[in-house]
Every structure is written in structure tokens, then in C-alpha cells.
Amino acid sequence: MSVESTRWGILYCPKGSKKSSKKRWTRIDTCLKEHGVKFDFVQSENQGSVKRLINMLINNGYKTIVIVGGDSALNDAANCLMETDKETRETIALGLIPNGQMNDFAHYWDFKENEVEQTIEWLTKRRIRKIDVGCITYTDIKEEKHQHYFFNCINIGLVAAIQNLRLHTRRIFGSRTMSFVVTLFLFIFQRLEYKMHIKINTETIKRKLMTVCIGNASGYGLTPNAVPYNGLLDVSVVHHTEITQLFEGIYLFATGKILNLHSVHPYRTKEVTVEEDSKAMVSVDGIVIGKITGAFKINVEQEVINFLIPA
């Protein structure tokens, strides 16, 4: 089935209670109609259904695909688009209405959760910018090769371990607040250092590190100067920090000045090779992919996705 070129395909990824999700969609639906947008929408049942639905929109010929969701759903969209042939991908524009637990990429472009009307008005202007995506290439324990794309960042080490804790505690307790409190408590028992062997540009880093963030964009604040359109990745390598300096680090992180912390070493590069990470946890756009056995590579593909940005 093919659709008219001006019709949007919208994927709605609900969050919260059924009542709040329905209220949220009613607001979006009303605003779309007020702006004269022709659209069809599908709703995800769970995170596992997102890629299937995005591929359905692509295969049905929608030229504008809008994700109403967060970083995780947007990551699925990036991977679905990168799995299509270049000719098809060139004809599709990807849009975003933030509606997730994490909306870091939306915030980078100044899309805000509570400003639906403004976001839709911007999207209807159809201002398109070609943006970069990062890519991690690795081999799993079955010796199968994988490529996973990302808009935001990859975390290796402590941050990914904390994200993994949040995921598990959220599944157990349901409540975001309870999950945060339990995660904060369990953080005390987390391993704080990982022996890593990393190659960045001409430099080789071989020592114990707390965490490494490789950002195509702001990377949840850990790569605050990264931009997704210069063909480069920003890398923040965090060495071990004393407890007293940890509080300073939290303050600098909250104020967007994390690179001023002396234990954070920034780099800018096209490619990062991780030769060893002592089985540190790895996450991609907040999605934990676990521990990777063997070496892996992270690089950037420049200007490969059409993205709708504020007008």
C-alpha cells in the first residue's frame, strides 16, 4: 500500500497510566487537526513492537514519519532507517514529539514535552536538516557481528551500569521514584573502576577508568559540546574521582560544565576503538546492550538521516 506524499505516519509510544496516555494523545490529535495535518497513526504495545511498527510505516511509503516517544523509540527509528537502502532513506523525513522517560535528543533541539503546540507548528514548517548517526560495531558471544546506530551517545562503565540498575529496579518496583531511590542505594555497591584499553585518534589510553561517554549529541550532559552534524564524535573519558570531588562533579554536570572537572578528559574524533573494557556494561542511547566480549569500534556516519528541526 502506498500513501499520499504529504500524509504523516505517526508512531505513538504511550507512557504513564492509560488515562494520562489517552489525554496526551487527545491533545496531540487535536493540535494536528488544527494545523491541517493529514496523518495515520499506530500505537506501540510495548518497546518490542516499536521497530516492527516503524518498519511498517517505512514499507507503506510514508515520507514523513513522526515518533511520539523518547530516546529509546528514536533509537529504534534510527536503526530502522539505517537498515533501509539509501535511496529509500533519502525520501523520508523523521520528526519527533517528545514523550519518553528520557528526551535528551529532543531537548538538544529545544523540543519540550509540555509544548506540543509549538513542536507541531515547527514540524509543519518542514525544515529539514541532514544529521549524523553514530554506530557501534561489535561481535557477540555467538560470534555474530552487529551494528547498532545511535543519535545520542554510548556509555561504557559506571553510567551504563547505573542505567542497567534503573532498568531492573523499574521493572521490579514500577514506580519511577522508588526505582530512583533504590538505584541510589545500590549505587554504593557499584564497581567504580574498569580497566580499559581505548584508542582515540593517535592516543592510546590504557588504565582504570570510571566511565566513557561517546556522544553524537549532548550525551545526557556528558558530552555537552557535541553536535550531530559535524561528522565527529565527542568523547569524555572520566578517570577515578575522589568522593569529595564527586560532589563537585555533580554540580558541574547539573550546570553543563562537566568538562571543567579535572578528572574528565575530552576528545573529538571520527572513530573510537575499544580493545578492552574488563566486561564493563555498555549502553546505547540509554538502552543497555550488556557486556561485550572482545574489541569493538564506534564511528560516525555523516549526514545520513533527514530530521525535522525547529523553524
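Numbers for residues simply follow the sequence, beginning at 1.
- Leu53 and Ser44 get closest at one heavy-atom pair: CD1-CA, 3.6 Å.
- A heavy-atom distance below 4.5 Å is found between the side chains of Thr84 and Ile58.
- Checked options Asn75, Asp132, Ile131; the residue passing with Phe151 is Ile131 (criterion: side chain to side chain contact (heavy atoms under 4.5 Å, CB included)).
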- Evaluate the criterion ring pair (Phe, Tyr, Trp, His ring centres under 6.0 Å) for residue pair Tyr220 and Phe105; output intermediate values, then yes/no. CA-CA 9 Å; Tyr220 304 105; Phe105 199 69; over 10 Å; no

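- No side-chain N or O of Asn152 forms a donor-acceptor pair with one of Ser218 less than 3.5 Å apart.
- Considering Val274, Ile205, Val212 in turn, Val212 is the only one that fulfils the side chain to side chain contact (heavy atoms under 4.5 Å, CB included) rule with Met196.
- Using cut-offs of 30° and 60° for the angle between ring planes, the Phe111 and Phe307 rings count as perpendicular.
- The minimum heavy-atom distance between Cys13 and Asn99, with the atom names listed, is O-ND2, 2.9 Å.
- The distance from the NZ atom of Lys291 to the CD1 atom of Ile156 is 14.0 Å, given to the nearest 0.5 Å.
- Taking each heavy atom of Ile200 and Val272 in turn, the nearest pair found is CG1-CG1, 4.3 Å.
- For the pair Leu57/Asn60, no side-chain contact is recorded, criterion being any heavy-atom separation below 4.5 Å from C-beta on.
- Shortest non-hydrogen contact noted between Leu94 and Ala77 is CD1-CB, 4.1 Å.
- To the nearest 0.5 Å, atom SG of residue Cys135 and atom NE2 of residue His148 are 9.5 Å apart.
- Identified under the salt bridge (Lys or Arg N to Asp or Glu O under 4.0 Å) test for residues 52-72, with sequence neighbours left out: Glu45-Arg52.
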- Kindly indicate, with the supporting measurements, whether the criterion side-chain hydrogen bond (donor to acceptor under 3.5 Å, both in side chains) is fulfilled by Lys270 and Asn299. CA-CA 6 Å; Lys270 288 188 175 182; Asn299 67 310; over 6 Å; no

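- Between Gly70 and Asn103, the shortest heavy-atom contact is CA-OD1, 3.4 Å.
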- Does the salt bridge (Lys or Arg N to Asp or Glu O under 4.0 Å) test come out yes or no for Asp76 and Lys51, once each step is laid out? CA-CA 6 Å; Asp76 284 333; Lys51 287 192 74 172; 5.4 Å; no

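- A distance of 6.0 Å separates CG of Leu233 from CG of Asn216, quoted to the nearest 0.5 Å.
- A side chain to side chain donor-acceptor pair (under 3.5 Å) with Thr64 is found for one member of Lys38, Arg126, Arg7 and no other, namely Arg126.
- With respect to Glu83 and Arg89, no salt bridge is recorded, no charged nitrogen being found less than 4.0 Å from a carboxylate O.
- Residue pairs that meet the salt bridge (Lys or Arg N to Asp or Glu O under 4.0 Å) test with at least one member in residues 204-228, sequence neighbours left out, do not exist here.
- Side-chain polar atoms of Tyr267 and Glu203 form a donor-acceptor pair below 3.5 angstrom.
- Sorted by first and then second residue, the salt bridge (Lys or Arg N to Asp or Glu O under 4.0 Å) pairs with a member in residues 20-29 read Arg27-Glu117, Asp29-Lys33; sequence neighbours excluded.
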- Taking it one step at a time, do Asp285 and Ser72 satisfy side-chain hydrogen bond (donor to acceptor under 3.5 Å, both in side chains)? CA-CA 7 Å; Asp285 281 353; Ser72 176; over 6 Å; no

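- Nearest heavy atom pair, residue Phe296 against residue Thr137, reads CB-O, 3.3 Å.
- A donor-acceptor contact closer than 3.5 angstrom links the side chains of Asp40 and Tyr62.
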- Stepwise, does the side-chain hydrogen bond (donor to acceptor under 3.5 Å, both in side chains) test hold for Glu113 with His107? CA-CA 9 Å; Glu113 295 90 323; His107 294 162; 3.1 Å; yes

- Kindly indicate, with the supporting measurements, whether the criterion ring pair (Phe, Tyr, Trp, His ring centres under 6.0 Å) is fulfilled by Phe41 and Trp8. CA-CA 8 Å; Phe41 94 99; Trp8 295 8; over 10 Å; no

